[in-house]
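In what follows, a single structure is set out as structure tokens and then discussed.
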Amino acid sequence: VAGPAVAQAPNGYPVRPITMIVPFAAGGPTDVVARIVGDHMSKTLGQQIIVENVVGAGGTTGATRAKRAANDGYTIVMGHMGTHAAAVPLYPNLAYDPAADFEPVGLAAGTPILILAKKDYPAKDLSAFTAHVKQNAGTLNMAHAGVGSVSYTTCLLLNSILDVKPTAVPYNGTGPAMNALVGGQVDYMCDQIVNVVSQVQGGSIKAYAIATANRNPALPDVPTTKEAGLPEYSVSAWNAVFAPKGTPQPIVDKLTAALDKALDDETTRKRLLDLGSDLPEGDRRGQKALAALVKSEVERWSKVIKTAGPGN
Ligand code: MLT
């Protein structure tokens, strides 16, 4: 007897919990986006999505773990602009190819980048900050989440524009890096908006500018880099869900549909928007769009790294 025309996910997938690898520390931006999106996806899928933080090497340890996981839909990964693009030019021996070794599920969120400093950093605005950094780079500490992470690559770009080489201090994610910034143990950082809104609002850190074309409704008082006099610093990051290569298409489709549903859900949207995320709509959603994004981002960051670093 011929089966239904619509492909069914094998064996009633999912019949047990799904692990979503987060390649950075708990409490940081990737973790936060993964938990918000995963919460709603698990409702749709009828199975829990368990976040597992697999940290190290700027997120490439966790992404490698995901590449090597069984391709049965029970392990997926919340990757990002670092793990699935910028890591390529930064790690000549990277154990995975972001395009060839993963099935793209979909973009989860765009995450604008801000230039941040500890609250008593002696500069009142971006031009005073850039002047101070240029004069004092030799004594300054810049926090980041490991070579290849978003904070690393986006500050590499900033430092190359300013032509400075501060001491780069690595953490397992910008969750812990943010604690160090709040505590004043490091001087400045470039971070994704979803990690910074409450600290900026509460005054525990300074935000000099957001590197997008327009201000963000979650932090309306923070000027754009263009408004603040550094238009050449224009950069944004993103988070996206991937499955190991060879995960059966009906399973990937089910995950994509669950991600879409999460991004259409009012409560999920509000949680992401309150943190300043840029929600993907229409043709930015889904598998094809993510495959194209990975390709263009690998190209973009390969060029940037060639010009800006990694020695900078
Ligand atoms: C994190 O979740 O800690 C970040 O996405 C780190 C980064 O890439 O800067």
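Every number for a ligand or one of its atoms is a count from 1 in the order of the listing. Residue numbers start at 1 and run along the sequence shown.
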For residues 24-31, please give each side-chain donor-acceptor pair under 3.5 Å, one per line with the distance, not counting sequence neighbours.
unit_1: D31; atom_1: OD1; unit_2: R35; atom_2: NE; d: 3.0
unit_1: D31; atom_1: OD1; unit_2: R35; atom_2: NH2; d: 3.1
unit_1: D31; atom_1: OD1; unit_2: N53; atom_2: ND2; d: 3.0
unit_1: D31; atom_1: OD2; unit_2: G27; atom_2: N; d: 2.8
unit_1: D31; atom_1: OD2; unit_2: R35; atom_2: NE; d: 2.9

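Taking the six-membered ring wherever Trp is involved, the centroid distance between the rings of Y13 and Y74 falls below 6.0 Å.
Partners of Y121 by ring pair (Phe, Tyr, Trp, His ring centres under 6.0 Å), not counting sequence neighbours, listed by chain and number: F129, H132. Under the rule for a salt bridge (charged side-chain N to carboxylate O under 4.0 Å, His left out), R68 has no partner lying at least two apart in sequence or in another chain.
R65 contributes no side-chain N or O that, together with a main-chain N or O of I21, makes up a donor-acceptor pair within less than 3.5 Å.
Residues M78 and F242 form no side-chain contact, since every pair of their non-hydrogen atoms from C-beta on lies 4.5 Å or further apart.
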Show me the short polar-atom pairs for ligand 1: any N or O of it lying under 3.5 Å from a protein N or O, with distances only.
unit_1: ligand 1; atom_1: 2 (O); unit_2: T30; atom_2: N; d: 2.9
unit_1: ligand 1; atom_1: 2 (O); unit_2: T30; atom_2: OG1; d: 2.7
unit_1: ligand 1; atom_1: 3 (O); unit_2: T174; atom_2: N; d: 2.8
unit_1: ligand 1; atom_1: 5 (O); unit_2: T30; atom_2: OG1; d: 2.7
unit_1: ligand 1; atom_1: 5 (O); unit_2: H80; atom_2: NE2; d: 3.4
unit_1: ligand 1; atom_1: 5 (O); unit_2: Q192; atom_2: NE2; d: 2.9
unit_1: ligand 1; atom_1: 8 (O); unit_2: H80; atom_2: NE2; d: 2.6
unit_1: ligand 1; atom_1: 8 (O); unit_2: V150; atom_2: N; d: 2.8
unit_1: ligand 1; atom_1: 9 (O); unit_2: S151; atom_2: N; d: 2.8
unit_1: ligand 1; atom_1: 9 (O); unit_2: S151; atom_2: OG; d: 2.6

